[in-house]
Chemist: 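Before I ask anything, let me first share the structure, which is written out below as structure tokens.
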There are 2 protein chains.
Amino acid sequence: MNLKTLAQELGLSPTTVSRALNGYPEVSEATRMRVMKAAEAANYRPNTQAKRLATGRAMAIGHIIPISTRHEIVNPVFADFIAGAGEVYARRGYDMVITIVPDDQEARAYAELRSKGNVDGVLVHAPKVEDHRIAMLDHLGMPFVLHGRVSGIESSYSWVDVNNVRAFTRATDFLLDLGHRRIALINGIGNMDFARRRRRGYEQALMARGIAPDPALITEGEMTEAQGHDAARAMLQLSNPPTAFLTASLLSAMGARRGIEEAGLKMGRDISILTHDDELGYLRNGTAEEPIFTATRSSVREAGRRCAALLIDQIESGDRTPRHELMEAVLVLGQSTGPAPTR
Amino acid sequence: MNLKTLAQELGLSPTTVSRALNGYPEVSEATRMRVMKAAEAANYRPNTQAKRLATGRAMAIGHIIPISTRHEIVNPVFADFIAGAGEVYARRGYDMVITIVPDDQEARAYAELRSKGNVDGVLVHAPKVEDHRIAMLDHLGMPFVLHGRVSGIESSYSWVDVNNVRAFTRATDFLLDLGHRRIALINGIGNMDFARRRRRGYEQALMARGIAPDPALITEGEMTEAQGHDAARAMLQLSNPPTAFLTASLLSAMGARRGIEEAGLKMGRDISILTHDDELGYLRNGTAEEPIFTATRSSVREAGRRCAALLIDQIESGDRTPRHELMEAVLVLGQSTGPAPTR
DNA sequence: CACCATGCCCAAAGCGCTTTGGACTTGAGT
DNA sequence: ACTCAAGTCCAAAGCGCTTTGGGCATGGTG
């Protein structure tokens, strides 16, 4: 069923049927009703490709996911972010097209998406400390929103980010207030911008109290259970071990807890853990009423929603002035933190 | 830059340029070369929408992800599956379009995708024990491949699945061989077909040795860390507790381990854990050489690859005879299992 | 009564590609 | 010398929609 035959059946021109369906005013309410009814009955829906070609709008947003050929890790945050963004796309009539690409071909993938014209804009993930994608997208003239920021260039493009510095200073302050002085940071990969910011927050809080960050208490890596475990285990064997761990993900926190318990210590009493919590669907921090870990909490799914909304707003309005949304993490109290043990 | 202007610049007709680019034989090698060079230089790529409209092929595969409005869990397996499928799509020139939809509108979403014509086929996820989607898709006449199967109807459509029954009988047999008699099953949600199959495998193995499955040792639910923990904890307080746990996911296994250790027991010595491992990128079971948990292992990412390849093959060949791929899980030995403690 | 704005509808062009159905050369075959 | 196949190329017709630029009543206004 297409426009033409539907129009014929109705004894109308395709023009009128199209206008009736798209809500243009040049058609009487009576015929509009008639058209709508007929379309419904015939289960007619305009062909997407034709519509796109005619309007010049792809009605689609792209996400490019680079996959490293070496350590093929899929960003654990990805699924939830996608879910959030996807909600918004669906609501506003956009398709979400995801491109998986070997990481050495990422630039080419953006250029192709652009020249083939199959998206109206892209959402950019996981910015690194030095990220060339911004310049590239600017050059391509492709609308985009960054989930996160690149330190140094923050005003020339649109982004949605969590206030990572603030979250981690608050977290560190909280532990300091509990009397902890040896606080370890189990961070994400060092060249990720968000990890850099979290470290900055942590170090600032320490230095504000006159404590010099101890490199032995800082570790960076992929945020897995094993990472948390191995880091905690190693640090607890130091001659001057930490009394608290600050971890960048719930998975790392779970690993750290295991390391602690293996050492015969009790979390929340002998050793504290404070973690960042992205509120991933499959990884809950206890229940809403009773969190397990004390955590800085910020929904990555909500971030997905906001990124998507921001990008669509920009595309539809044609307004290219950069916009920013800074989300604040809340600090929720769980059972994993307590006063520093006196000894 | 479009076909017409490129053709003009070359002093050729659009027809010839199109044919040169698409590898048709009706064009001399000399001009083909000339065209290719010019296209490369002009950074020309045919407009996707126009191509799609002209050919009638969307060159895209759809994935519909229903999101429950109640417990908004994103399937933890999703990201890895997508990554695997996406690799194949990229290689074969297809787009992946993902639709997030409230679970009560899933049927409508498929119908829309079909009538709007923006995909050539769909990949169907997470089949339930009674799954109406197969009948619906058949009715819509939309090519699809199911990741998993629906017990009872297995021949009328194409699927890729892990041999869950076999994996779980083997796992159970392995534990039985180690002398375990009280083996608990911490399973996925009961109305998921894969969970049903796993349970079947588990029960068959027990009964083959004359052991009646004990309902008190079987629990079903979302496969989270908390689930594993709570289930293990509860079961260990039974008057006749299990000596081994069979879990459906690494996350559940991690939770079970925590429950075990809280009870003052040692995993692998006092209590065994054997888990299924989907080889998710962000959730590794130790290292390849040294797995932590003994596990039935099967890569969900590889399943994604196979599903995608199968679907594209079907679409391109036009051959609608159902095809099936059954993947066997391997049983890898870790440190979480040992002989049943004698007492 | 003439005029014009308004409301409603349509024919046709165009979006950028593919593909059908020739047209025109060449060179080999008879 | 004539025919015919093979090799190259092109004009034009779609694909299914939107949108431009009218056309034709109708009814209110001067």
Side-chain angles (χ1 to χ4, degrees), chain A residues 1-36 38-39 42-60 93-95 112-120 316, chain B residues 1-36 38-39 42-60 93-95 112-120 316:
Chain A
M1 172 57 68
N2 58 12
L3 226 205
K4 204 158 106 186
T5 68
L6 181 65
Q8 274 169 355
E9 284 182 9
L10 280 161
L12 287 169
S13 75
T15 308
T16 303
V17 176
S18 169
R19 286 187 161 149
L21 258 23
N22 290 316
Y24 283 81
E26 303 96 328
V27 51
S28 76
E29 270 321 299
T31 55
R32 185 192 306 282
M33 274 306 150
R34 206 159 65 89
V35 170
M36 301 277 254
N43 202 25
Y44 167 76
R45 261 173 290 250
N47 179 285
T48 306
Q49 330 300 350
K51 192 163 191 162
R52 286 173 174 171
L53 180 57
T55 59
R57 314 254 347 264
M59 292 306 285
Y94 283 72
D95 273 355
E112 245 182 47
L113 225 47
R114 177 63 177 169
S115 55
K116 295 202 300 182
N118 39 6
V119 299
D120 297 318
E316 294 189 345
Chain B
M1 172 57 67
N2 58 13
L3 225 205
K4 204 158 107 187
T5 68
L6 181 65
Q8 274 169 357
E9 285 182 9
L10 281 162
L12 288 169
S13 75
T15 308
T16 304
V17 177
S18 169
R19 284 185 162 150
L21 259 24
N22 289 316
Y24 283 82
E26 302 97 328
V27 52
S28 75
E29 270 320 299
T31 55
R32 186 192 304 283
M33 275 306 151
R34 207 158 64 87
V35 170
M36 300 278 252
N43 202 24
Y44 167 77
R45 261 172 289 248
N47 178 285
T48 306
Q49 328 301 350
K51 191 163 192 161
R52 286 172 174 172
L53 181 57
T55 59
R57 314 250 351 260
M59 291 307 284
Y94 283 72
D95 274 354
E112 246 181 47
L113 226 46
R114 177 62 177 171
S115 55
K116 295 202 303 182
N118 39 6
V119 300
D120 296 318
E316 294 188 344

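Sequence lines set the chain letters: A, B, ... in the order given, protein chains first and strands last, and positions in each chain run from 1. On a predicted model such as this, the values are computed, not experimentally measured, just so you know.
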Chemist: Is a donor from one side chain sitting under 3.5 angstrom from an acceptor on the other, for A:R32 and A:Y24?
Modeler: no
Chemist: Of A:R19 and A:K4, whose closest DNA chain D nucleotide lies nearer the 5' terminus?
Modeler: A:K4
Chemist: Rounded off to whole Å, could you give me the CG-to-P distance for the A:N22 and C:dC8 pair?
Modeler: 18 Å
Chemist: Please identify which of these residues, B:T15, B:T16, B:L21, B:V17, meets the side-chain contact (heavy atoms from CB on, under 4.5 Å) condition with B:R19.
Modeler: B:T15
Chemist: OP1, OP2 of C:dC15 versus side-chain N and O of B:N47: anything below 4.0 Å?
Modeler: no
Chemist: What is the minimum heavy-atom distance between B:T31 and B:V27, and which atoms define it?
Modeler: OG1-CG2, 3.1 Å
Chemist: Whole angstrom is fine here: how far is it from CZ in B:R34 over to C1' in D:dC9?
Modeler: 12 Å
Chemist: Taking all non-hydrogen atoms of both residues, which atom of B:N22 and which atom of B:K51 are closest, and how far apart?
Modeler: OD1-NZ, 3.8 Å
Chemist: Verify the contact: side-chain N or O of A:S28 to OP1 or OP2 of C:dC9, cut-off strictly under 4.0 Å; return yes or no.
Modeler: yes
Chemist: Output the rounded distance in Å from CG (A:L12) to P (C:dC8).
Modeler: 13 Å
Chemist: Remember a base hit wins even if backbone is also touched, and classify A:R52 as base, sugar-phosphate or nothing at under 4.0 Å, heavy atoms.
Modeler: nothing
Chemist: Do NZ/NE/NH1/NH2 and the carboxylate oxygens of B:D95 and B:R52 come within less than 4.0 Å?
Modeler: yes
Chemist: So B:M1 and B:N43, do their side chains get closer than 4.5 Å, heavy atoms only?
Modeler: no
Chemist: What is the separation between atom CE on B:M59 and atom P on C:dT18, rounded to the nearest whole Å?
Modeler: 12 Å
Chemist: Quick one: is C:dC15 close enough that its OP1 or OP2 comes under 4.0 Å of any side-chain N or O from B:N2?
Modeler: no
Chemist: Is any side-chain N or O of B:T16 closer than 4.0 Å to OP1 or OP2 of D:dC10?
Modeler: yes
Chemist: Nearest-Å distance, CE (A:M33) to P (C:dC8)?
Modeler: 14 Å
Chemist: Within less than 4.0 Å of OP1 or OP2 of D:dT8, is there a side-chain N or O belonging to B:Y24?
Modeler: no
Chemist: B:A50 side chain: which of C:dC17, D:dG16, D:dT19 is closest?
Modeler: C:dC17
Chemist: Can a side chain N or O of B:S13 be found less than 4.0 Å away from OP1 or OP2 on D:dC10?
Modeler: yes
Chemist: Any idea which of D:dC17, C:dC17, D:dC15 is nearest the A:A54 side chain?
Modeler: D:dC17
Chemist: Ignoring backbone atoms, test whether A:T31 places a side-chain nitrogen or oxygen under 4.0 Å from the OP1 or OP2 oxygen of C:dC9.
Modeler: yes
Chemist: Let's see if you can work this out: which of D:dG16, C:dC9, C:dT18 has an atom nearest to the side-chain heavy atoms of A:E26?
Modeler: C:dC9
Chemist: Tell me the interatomic distance from A:L53, atom CG, to C:dA13, atom P, rounded to whole angstroms.
Modeler: 17 Å
Chemist: Round to the nearest Å and state the distance from B:R57 atom CZ to C:dG16 atom P.
Modeler: 23 Å
Chemist: Phosphate oxygens OP1/OP2 of D:dC17: is one of them under 4.0 Å from a side-chain N or O of A:Y44?
Modeler: yes
Chemist: NA contact type, B:G11, heavy-atom cut-off 4.0 Å: base, sugar-phosphate, or nothing?
Modeler: sugar-phosphate
Chemist: Would you say B:T15 places a side-chain N or O within less than 4.0 Å of OP1 or OP2 belonging to D:dC9?
Modeler: no
Chemist: Atom NZ of B:K116 and atom P of D:dG16: how far apart are they, to the nearest Å?
Modeler: 17 Å
